[in-house]
Protein chains: 2
Amino acid sequence: MKRTGFAKAECPVARALDAIGDWWSLLIVRDAFDGLRRFGDFQKNLGIAKGMLTTRLRTLIELGVLEQVAASDGSAYQEYVLTRRGHDLFPIVVSLRQWGEAHLYARGEPHSVLLDQAGQAVGQLVLPSKSGKPLGWADTKVRKVARRR
Amino acid sequence: MKRTGFAKAECPVARALDAIGDWWSLLIVRDAFDGLRRFGDFQKNLGIAKGMLTTRLRTLIELGVLEQVAASDGSAYQEYVLTRRGHDLFPIVVSLRQWGEAHLYARGEPHSVLLDQAGQAVGQLVLPSKSGKPLGWADTKVRKVARRR
DNA sequence: CGAACTGGTTCTAAAATAGGACTAGACAGC
DNA sequence: GCTGTCTAGTCCTATTTTAGAACCAGTTCG
């Protein structure tokens, strides 16, 4: 049956998953962060079926995560680049990366790492509190409903 | 056709998505963070088909994200609780929440918010650098392959 | 001009999903 | 200690999604 949607869910986590929580969308975004811009580049790098890629790119454009611009090399083709909203997905990609690095590799197994411009490995994402002390799961709670400013 | 898997991908983002990047798994984890423990509670709260929930719980247990324990109320039933590995998913859930809050709600539309124990709204996740200045997308790069310690 | 590249669309088979019907064991009331 | 309800599933089917290959129209290269 048709996959259940959460587009109108009250919970922001559910809405985010409805928008970009499928197998391909975040990998396309990851590649876009890595500098890929062309249809063919995404298709080759991901090994995704072209039809899949077409529908995913369309959805991401509708969401305002990507936009289509004229190719930077002067050819008649188009490129797909991240919007502001797309760049805001950075923490999601990083958190997935850090969890994957920590829990999904056997010892000795090669994997990629995230570095800063100086070549230093970056630290863990932290959720800051007023006091500056990082917050963990047990330090937070959800207030069910609020009005958006 | 059979969904393509990324379990053996070199990229940690791909592996993480392979493990928990489907529509339901992270919502189950979110509910577990909210304190839900019983099969029926997950099933009612999510509106998920029981068969779906069964397979998802099994996968999460195989991954070591959840574990089954004897019910806390003394009954003969079982409960599902987050492991250490499951708790480490907190930044992923929070980053999804924050992106959803920022981009997926119309003005005036009710939504839930994340608070600390004092009832203060929490800040944005940050990726700290050595200097303490938060890192953004343009400040990082990926080194392709490394050996795990 | 013809060949190859780019960026798709269309088709099919297999697999995943949603949802309902069914069930076995636990537990509560009487 | 019998009966009815609750819990936690399993099983089945219709529909949707996916992967992959074949096809195709413009664009660029030689």
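In what follows, every chain begins at residue 1, and chains take the letters A, B, ... in the order their sequences are listed.
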Rounding to a whole Å, what distance do you find between [X]:[atom1] and [N]:[atom2]?
| X | N | atom1 | atom2 | value |
| --- | --- | --- | --- | --- |
| B:Ile48 | D:dT10 | CD1 | P | 13 Å |
| B:Gln78 | D:dG9 | CD | P | 8 Å |
| B:Leu17 | D:dT18 | CG | C1' | 17 Å |

Assess whether a salt bridge exists between A:Asp88 and A:Arg84, defined as any Lys/Arg side-chain N lying under 4.0 Å from an Asp/Glu carboxylate O.
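Yes, A:Asp88 and A:Arg84 are salt-bridged.
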A:Cys11 and B:Glu101: side-chain contact (heavy atoms from CB on, under 4.5 Å), yes or no, with the steps?
CA-CA 9 Å; A:Cys11 172; B:Glu101 280 180 17; over 6 Å; no
Going 5' to 3' on DNA chain C, which nucleotide is the first and which the last to come under 4.0 Å of a heavy atom in chain B?
C:dA13 to C:dC27
B:Trp99 and A:Pro91, any side-chain heavy atoms less than 4.5 Å apart
no
Can you tell if the side chain of A:Trp24 reaches within under 4.5 Å of the side chain of A:Leu53, non-hydrogen atoms only?
no
For B:Asp22 and A:Arg3, run salt bridge (Lys or Arg N to Asp or Glu O under 4.0 Å): C-alpha distance rounded to whole Å, both residues' side-chain angles, the deciding distance at 0.1 Å, then the answer.
CA-CA 11 Å; B:Asp22 71 276; A:Arg3 177 146 45 194; over 6 Å; no
N/O donor-acceptor pair under 3.5 Å between A:Arg15 side chain and A:Ala9 backbone:
yes
Is B:Asn45 reaching over with its side chain to a backbone N or O of B:Phe42, donor-acceptor style, under 3.5 angstrom?
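No, because the side chain of B:Asn45 does not come within donor-acceptor range (under 3.5 Å) of the backbone of B:Phe42.
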Does [X] have a side-chain nitrogen or oxygen under 4.0 Å from the phosphate oxygens OP1 or OP2 of [N]?
| X | N | value |
| --- | --- | --- |
| B:Thr54 | D:dA8 | no |
| A:Arg56 | D:dT18 | yes |
| A:Trp24 | D:dA19 | yes |
| A:Arg3 | D:dT15 | no |

Indicate for each nucleotide in nucleotides 21-30 of chain D, in 5' to 3' sequence, whether protein heavy atoms under 4.0 Å reach the base (B), only the sugar-phosphate (S), or nothing (-).
-----BBS--
Residue mapping more 5' on DNA chain C - nearest nucleotide basis, A:Glu79 or B:Met52:
A:Glu79
Can you see which heavy atom on B:Gln98 is nearest to which on B:Gly123, and at what distance?
NE2-O, 2.8 Å
Side-chain donor-acceptor contact under 3.5 Å, B:Glu79 with B:Ser72:
yes
Indicate whether any N or O donor in one side chain lies under 3.5 Å from an N or O acceptor in the other, for A:Tyr80 and A:Glu67.
no
From A:Asp31 CG over to A:Lys44 NZ, what is the distance, rounded to the nearest 0.5 angstrom?
12.5 Å
Identify, residue by residue, the members of residues 37-45 of chain B with a heavy atom below 4.0 Å from DNA chain D, and return them in order of residue number, or none.
B:Arg38, B:Phe39, B:Gly40
